[in-house]
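Everything numeric in this text was worked out from a predicted model, so none of it was measured. When reading the values below, keep in mind they use all heavy atoms of this one structure, side chains included, and skip hydrogens, waters and symmetry mates.
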Amino acid sequence: MKPAIYFFLISLSLFGQSAVVAQQKPNIVLIYADDLGYGDISCQGATKVRTPNIDRVAKEGLRFTNAHASSSTCTPSRYTLLTGAYAWRKTGTGIAPGDAALLIPTDRITLPGILQKAGYKTGVVGKWHLGLGPKGGPDWNGDIKPGPLEIGFSYSFLLPATGDRVPCVYVENHRIVNLNPADPIQVSYKEPIGTDPTGKEHPELLKMLFSHGHDQTIINGVSRIGYMSGGKAARWVDEEMADVLTGKVNQFIESSKGNPFFVYFSTHDIHVPRMPHSRFAGKSGMGPRGDAILQLDWCVGEVMKTLDRLGLKDNTMVIISSDNGPVVDDGYKDQAVEKLNGHKPAGPLRGGKYSAFDAGTRVPFIVRWPVNVKPGTSDALFSQVDLAASFAALVGQSLAKGEAPDSFNSLTTLLGTTKKSREYVIEHAINGTLSLIRGNWKYIEPSGGPVLNRDTNIETGYASQPQLYNLQTDLSETKNLAESNPQLTTELAALLKTIRERENTK
């Protein structure tokens, strides 16, 4: 083994010993589920659906009960995860259309870039939804760049946006997979193009009806957001997606096993449209959403099998989390609401995806690294924004001023050697509302907007007056204590203002 592969990870005093030891750099597998709620997995109380593979990782690792995505929606939470900078500091980081340009500046240090500098082979497989190409959007029929390869990844296999948005094709590195030059792709989010039927005009062609939105070009019997024509040979089949993506992750691990590697497995499940493989369809008794949870659990199991088979389990850090909280009806009539059967996707939490309430960002978060993480649970307050700085510390990389500016080194918390909480956590809702958690207290700033998202039936947490909740005694955020605690409310509001206005440096 070359000496370069070794480094002084951290003083063994961190683990209750006194010496310093050279430790091989760990592989890192980050499995980032989509819309997976706090209560959607059985190791966190779900009883109507079982997730044995995720449960196994939790049993062998550290399960956090108070870990947060940075936003209650996908694009900003992913932006923050990969940059260590809050997305709300940058305009244009809301839910991205499928033809958006790359949102992450190519001159910004990123989480994969940090690891790449440390000698890691870095890969991303799955949902991207952070834009591709230059200003004006990508050339779908040519080289699609800049993209992941320009911001620190050495390999990428992507859904360009999400499963419910066109173009419904895979992009491997800089090119669309299986694209026939004689059948070029066109994409529009402004007006219909081509002759492909739409769900709005031809619902009789659909194998899954839409409930709101999602009524434009039909691909594989499902109408999407946006219009697309061409690329017939390149179009994905939804029911095969989990197999395709998991296969690519396992191939990447197999080809990278001789050196330290990082793979960001950004699953499509359990996002809409929920079109699980026939192996899982109808198996949960909860409709396609429950079946998609089973499929997600299978994906986790297949990756774990690969790590076991290759002898990589002990020195691979596996993290399982989600980009935001749950949503049941998110645009398709898939019986997710009717077949909940008592299942509570958010567990005891209030709200969900898009919301300022805690179910929007408090998500499953599990860390397994057998040689260095003791199994158990942690109630430490933790945010995904800190992964960039924590990974930098893990692999011995320093961050210059202004790099990953909102990310703090929380490595000891991540590894469970301390239950020290982050000083505060910022939550971000779809309308821009910010919340701040410090200790047991949560402050939600005043904002406008409806109290209920009627399309999704999710409470938004928006109110014209400040809100203050004691999460220790009122985890479901039912008793607003702002009026009875004016001093604390003012103090937390001032702290949030300071953080918001702080220069994007540290």
Side-chain angles (χ1 to χ4, degrees), residues 5-32 57-58 60-70 80-86 109-120 122 152 260-264 314-321 363-401 403-426 437 506:
I5 296 180
Y6 291 90
F7 73 111
F8 285 96
L9 171 63
I10 198 162
S11 169
L12 273 187
S13 60
L14 188 67
F15 303 101
Q17 300 178 51
S18 58
V20 175
V21 70
Q23 167 68 45
Q24 184 179 351
K25 294 178 183 177
N27 307 307
I28 303 171
V29 176
L30 173 56
I31 301 177
Y32 208 51
V57 178
E60 296 174 351
L62 185 63
R63 181 172 62 86
F64 285 75
T65 61
N66 197 10
H68 294 255
S70 63
T80 301
L81 174 81
L82 294 181
T83 64
Y86 292 126
I109 191 68
T110 62
L111 185 155
I114 291 166
L115 296 172
Q116 197 174 61
K117 285 171 62 178
Y120 277 68
T122 54
F261 62 82
F262 165 66
V263 60
Y264 168 44
D314 284 347
N315 200 36
T316 297
M317 178 190 290
V318 175
I319 296 177
I320 301 173
S321 195
V363 292
F365 194 91
I366 299 165
V367 181
R368 187 193 76 171
W369 182 14
V371 299
N372 274 327
V373 174
K374 293 181 179 179
T377 60
S378 174
D379 60 2
L381 184 62
F382 185 84
S383 175
Q384 292 174 3
V385 69
D386 287 343
L387 286 179
S390 300
F391 284 173
L394 178 69
V395 301
Q397 292 291 308
S398 59
L399 293 172
K401 186 177 181 180
E403 294 182 337
D406 295 304
S407 186
F408 293 91
N409 177 8
S410 300
L411 182 60
T412 57
T413 305
L414 185 68
L415 301 182
T417 57
T418 176
K419 290 192 175 182
K420 180 181 178 181
S421 290
R422 205 181 198 276
E423 180 184 349
Y424 60 81
V425 158
I426 305 294
I437 299 175
K506 68 171 175 69

* **His68 and its side chain to side chain contact (heavy atoms under 4.5 Å, CB included) partner, picked from Val385, Ile437, Ile426** => Ile437

* Any donor and acceptor pair, going by atom type alone, linking the side chain of Thr417 with main-chain N or O of Thr412 inside 3.5 Å? -> yes

* Please name the pair of heavy atoms, one in Ala380 and one in Ser421, separated by the smallest distance, quoted to 0.1 Å. => CA-OG, 3.5 Å

* Can you list the residues that meet the side chain to side chain contact (heavy atoms under 4.5 Å, CB included) rule with Pro375, with sequence neighbours excluded? -> none

* Contacts of Thr316 that satisfy side-chain hydrogen bond (donor to acceptor under 3.5 Å, both in side chains) - sequence neighbours left out -> Asn27

Show every donor-acceptor pair shorter than 3.5 Å between a side-chain atom in residues 390-397 and any protein atom, with sequence neighbours excluded, or say none if there are none.
residue : atom : partner : partner atom : Å
Ser390  : OG   : Asp386  : O            : 2.7
Ser390  : OG   : Ser410  : N            : 2.9

* So which of Val318, Leu415, Leu62 actually passes side chain to side chain contact (heavy atoms under 4.5 Å, CB included) with Trp369? -> Leu415

* Asked: Of all heavy-atom pairs between Glu403 and Ser398, which one has the smallest distance, and what is that distance?
  -> OE1-O, 4.3 Å

* What pair of heavy atoms forms the shortest contact from Gln384 to Val363, and how long is it? -> NE2-CG2, 3.8 Å

* Minimal non-hydrogen separation, Gly152 against Gln116, with atom names -> O-NE2, 3.2 Å

* Asked: Nearest heavy-atom pair of Asp314 and Pro370: which atoms, and what distance?
  -> O-CD, 3.6 Å

* Asked: Measuring from Thr110:OG1 to Leu82:CG, what's the distance to the nearest 0.5 Å?
  -> 7.0 Å

* Structure fact -> To the nearest 0.5 Å, atom OG1 of Thr83 lies from atom CG of Asp406 at 8.0 Å

* Asked: Hey, are the side chains of Leu399 and Ile114 touching, using non-hydrogen atoms and a 4.5 Å cut-off?
  -> yes

* **Under the salt bridge (charged side-chain N to carboxylate O under 4.0 Å, His left out) test, residues paired with Arg63 that sit two or more places apart** => none

* Straight-line distance of Leu387 CG to Asn409 CG, nearest 0.5 Å -> 11.0 Å

* Would you check if the side chain of Lys25 reaches a backbone N or O of Gly119 as a donor-acceptor pair within less than 3.5 Å? => no

* Interatomic spacing from CG in Asn315 to CD1 in Ile28 - rounded to 0.5 Å -> 10.0 Å

* **Minimum-distance pair of heavy atoms, taken over all atoms of Pro364 and Ser321** => O-OG, 2.7 Å

* **side-chain hydrogen bond (donor to acceptor under 3.5 Å, both in side chains) partners of Ser70, counting only residues at least two apart** => Thr80

* Any side-chain heavy atom of Pro26 sitting closer than 4.5 Å to one from Tyr120? -> yes

* Asked: Heavy-atom distance under 4.5 Å between the side chains of Leu30 and Leu81, does that happen here?
  -> yes

* Between Phe382 and Phe64, does the ring centroid distance fall short of 6.0 Å? -> yes

* Hey, what do you get for CG (Asn66) to CG (Leu381), rounding to the nearest 0.5 Å? -> 5.0 Å

* To do: Apply ring pair (Phe, Tyr, Trp, His ring centres under 6.0 Å) to Phe261 and list each qualifying residue two or more places apart in sequence or on a separate chain.
  => none

